[in-house]
Amino acid sequence: MPFSFCTFAVMSNIKPSLAKGTRDFSPQEMVKRNYIFDTIKKVFKKYGYAEIQTPSMENLSTLTGKYGDEGDKLIFKILNSGDYLSKANANHLSAMNSNALISSISEKALRYDLTVPFARYVVMHQNDIALPFKRFQVQPVWRADRPQKGRYREFYQCDVDVVGSESLLNEAEFVLIYQEALSNLGMTDFTIKINNRKILSGIAEIIGKPELIVDMTVAIDKLDKIGFEGVTKELIERGFTEQDIDKLKPVILLQGTNEEKLSSLKQVLSASATGLKGIEEIETVFSYVAGLLSDSKLKKPDLELDITLARGLNYYTGCIYEVKTNEAAMGSIGGGGRYDDLTGMFGLKGLTGVGISFGADRIYDVMQEVNLFPESAAAGTKVLISNFDREAELYALPLLQQLREAGVAAELYPSSAKLKKQMSYADDKSIPYVVLIGSDEIQSGILTLKNMHTGEQEKLSKDAIVDLLKAQQ
């Protein structure tokens with residue numbers, strides 16, 4: 001005889017718990033999460049993107065070196081199966097050097113994002129896909145980050161990417177995808193920030209530190225978190241001088257409209273062909289966005305050129321994005337950018353790509369906090385049919401199936417019980433209607449439909465109940 005759950009819990013004497021940075025999701029939460037996923041996917045499909053999936057784990061070599069030093073530290077490594085220490089490097093083991101030891105005890109890792117696995121997918125399936133290849137992907141990713149509000153170690157990303165196209169129309173359409181998807185979710189106050197890594201490279205060039213472009217972008221990307229003084233301190237620690245900081249300050253703290261910022265940057269970067277190319281690309285994206293919206297009912301996006309936006313991932317080479325909500329205290333709820341040779345890391349050179357991601361977990365938290373979920377998003381069972389005895393149960397079965405075939409989510413209480421218990425069940429599950437079937441109802445064929453929100457009851461035939469509930473779908 002198998003152990004019962006309670007017996008197992010007592011015998012094991014282990015208090016159940018969750019790994020930090022992870023969560024369970026109740027049925028009510030899953031309905032809301034799927035509402036987010038379905039809303040975003042619908043927009044992706046409108047713009048011509050098709051869904052793929054990749055494995056939760058990748059070879060560690062696939063992920064390492066793609067996210068910068070800080071990103072690499074956050075990759076969850078998976079220990080090799082079996083006696084993994086038997087193949088460990090003895091010198092590294094005796095020296096207690098965990099970083100050097102990793103390669104000999106871990107060959108796989110949980111994916112850090114969906115972009116690098118997508119690049120790997122494109123290379124492996126290059127003979128099976130048509131270019132440009134437009135895909136979206138909604139799956140969980142894992143990062144060994146410090147858990148805090150809005151930041152989890154396991155979370156879902158909703159990515160949409162296109163590879164094999166250099167057109168900046170793709171970048172402009174991503175602005176509209178953000179605008180449309182978030183608006184469809186009920187969000188009204190958010191900013192889509194955009195920058196270009198070529199502009200950042202140009203800035204590094206004019207101060208004579210092109211080799212420190214990564215160090216510079218990692219530092220200035222933290223401006224919102226640590227302020228200009230904190231950025232200054234980090235830049236100095238990374239090899240920049242006070243004179244470099246003096247040159248960077250007016251650029252980092254650049255103010256004004258998008259047009260004013262671009263005008264100022266043209267002067268500052270006049271000696272950098274790379275920087276001017278980045279400005280040209282930003283202007284082209286703005287032009288495409290304006291053209292797409294010239295005769296559109298879609299609300300004009302709050303699109304802001306932000307020079308401090310760096311997206312500290314090494315693979316970005318062109319336009320970069322970040323979306324911030326102003327409706328709740330939350331980090332970015334989306335981001336992405338152009339990566340000109342990500343697939344080159346896997347042997348396929350010269351294939352450019354661009355993509356963005358929605359942070360579904362943060363979007364969920366924002367929507368929950370400001371009450372943006374519609375009632376329909378929390379809908380589950382529409383009607384419960386009561387069960388008082390064997391006769392009522394048999395009478396209810398045809399109605400139960402009739403309701404379901406009409407598309408109405410219906411349940412029959414699984415065993416005979418007192419009315420109070422069945423009503424409590426309906427309340428606990430937020431079921432809006434209950435059909436009461438007693439001996440009088442069975443004889444007359446006229447059943448009682450109770451509205452659990454108002455408490456009102458009405459007498460209706462089976463067909464009338466089905467029609468009423470079907471009309472509310």
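Being a predicted model, the structure only gives us computed values, none of them experimental. In this chain, numbering begins with 1 at the start of the sequence shown.
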For Tyr156, which residues count as a ring-ring contact (aromatic ring centres under 6.0 Å, His included) partner, sequence neighbours excluded?
Phe37
Ser270: partners by side chain to side chain contact (heavy atoms under 4.5 Å, CB included), with sequence neighbours left out
none
When you look at CD of Gln255, are more than 12 heavy atoms from neighbouring residues, nucleotides or ligands closer to it than 6.0 Å?
no
With the side chain counted from C-beta on, respond yes when Tyr288 and Val175 share a heavy-atom pair under 4.5 Å apart, and no when they do not.
no
Give a yes or no answer on whether the side chain of Lys429 reaches the backbone of Thr381 with a donor-acceptor pair at less than 3.5 Å.
no
Can we say Glu234 and Arg238 salt-bridge, meaning some charged N sits less than 4.0 Å from an Asp/Glu carboxylate O?
yes
Would you indicate whether the side-chain heavy atoms of Glu280 and Lys277 approach each other to under 4.5 Å?
yes
Residues forming a side chain to side chain contact (heavy atoms under 4.5 Å, CB included) with Pro132, sequence neighbours excluded
Val162, Ser165
List the steps and the verdict of side-chain contact (heavy atoms from CB on, under 4.5 Å) for Arg135 and Val163.
CA-CA 9 Å; Arg135 84 83 170 87; Val163 293; over 6 Å; no
Who pairs with Glu237 by side chain to side chain contact (heavy atoms under 4.5 Å, CB included), at least two apart in sequence or on another chain?
Lys233
Say whether, by atom type as modelled, one donor and one acceptor occur between the side chain of Arg151 and the main chain of Arg146 under 3.5 angstrom.
no
Kindly say whether Arg143 contributes a backbone atom to a donor-acceptor pair with the side chain of Arg153 at under 3.5 angstrom?
no
Does Thr64 offer a backbone N or O that forms a donor-acceptor pair with the side chain of Lys66 under 3.5 Å?
yes
Asp244 side chain to Thr241 backbone, donor-acceptor under 3.5 Å:
yes
Is Met30 atom CE crowded by more than 12 heavy atoms from other residues, nucleotides or ligands, each under 6.0 Å away?
yes
Where the side chain of Gln267 meets the backbone of Ser264, is there a donor-acceptor pair that is under 3.5 Å apart?
no
Could you go through Val123 and Leu351, starting from their C-alpha distance and side-chain angles, then the distance that decides it, and tell me whether this counts as side-chain contact (heavy atoms from CB on, under 4.5 Å)?
CA-CA 10 Å; Val123 174; Leu351 191 62; over 6 Å; no
Between Ser263 and Glu259 (side chain of the first, backbone of the second, donor and acceptor by atom type, cut-off under 3.5 Å), is there such a pair?
no
Of the options Tyr178, Tyr321, Phe190, Tyr364, which is the one that meets Phe358 in a ring pair (Phe, Tyr, Trp, His ring centres under 6.0 Å)?
Tyr178
Going through the distances and angles, do Arg338 and Thr352 end up as a side-chain hydrogen bond (donor to acceptor under 3.5 Å, both in side chains)?
CA-CA 8 Å; Arg338 166 79 58 175; Thr352 185; 2.8 Å; yes
Do Phe133 and Ile52 have side chains that approach each other closer than 4.5 Å (heavy atoms only, starting at C-beta)?
yes
Run the side-chain donor-acceptor check on residues 198-207: report pairs under 3.5 Å with partners two or more places apart or on a different chain.
| unit_1 | atom_1 | unit_2 | atom_2 | d |
| --- | --- | --- | --- | --- |
| Lys198 | NZ | Glu281 | OE1 | 3.4 |
| Lys198 | NZ | Glu281 | OE2 | 3.2 |
| Lys198 | NZ | Thr317 | O | 3.4 |
| Ser201 | OG | Arg197 | O | 3.1 |
| Glu205 | OE1 | Ser272 | OG | 2.9 |
| Glu205 | OE2 | Thr274 | OG1 | 3.3 |

Kindly give the heavy-atom pair with the smallest separation between Asp427 and Met452, and that separation in Å.
OD1-CE, 3.4 Å
Is there a donor-acceptor contact under 3.5 Å from the side chain of Arg111 to the main chain of Glu58?
no
Take a 6.0 Å sphere around CD of Glu166 and say whether it holds more than 12 heavy atoms from other residues, nucleotides or ligands.
no
Does Ile320 reach the side chain of Glu322, with side-chain heavy atoms less than 4.5 Å apart?
no
For the side chain of Gln139 and the backbone of Thr54, is there at least one donor-acceptor N/O pair under 3.5 Å apart?
yes
Does the Asn195 side chain pair with the main chain of Ile307, one donor and one acceptor, at a distance under 3.5 Å?
yes
Phe174 meets the ring-ring contact (aromatic ring centres under 6.0 Å, His included) criterion, sequence neighbours left out, with none
Any side-chain heavy atom of Leu254 within less than 4.5 Å of one from Leu265?
yes
Show your working on side-chain hydrogen bond (donor to acceptor under 3.5 Å, both in side chains) between Thr191 and Asp302 and close with a plain yes or no.
CA-CA 5 Å; Thr191 301; Asp302 180 8; 2.9 Å; yes
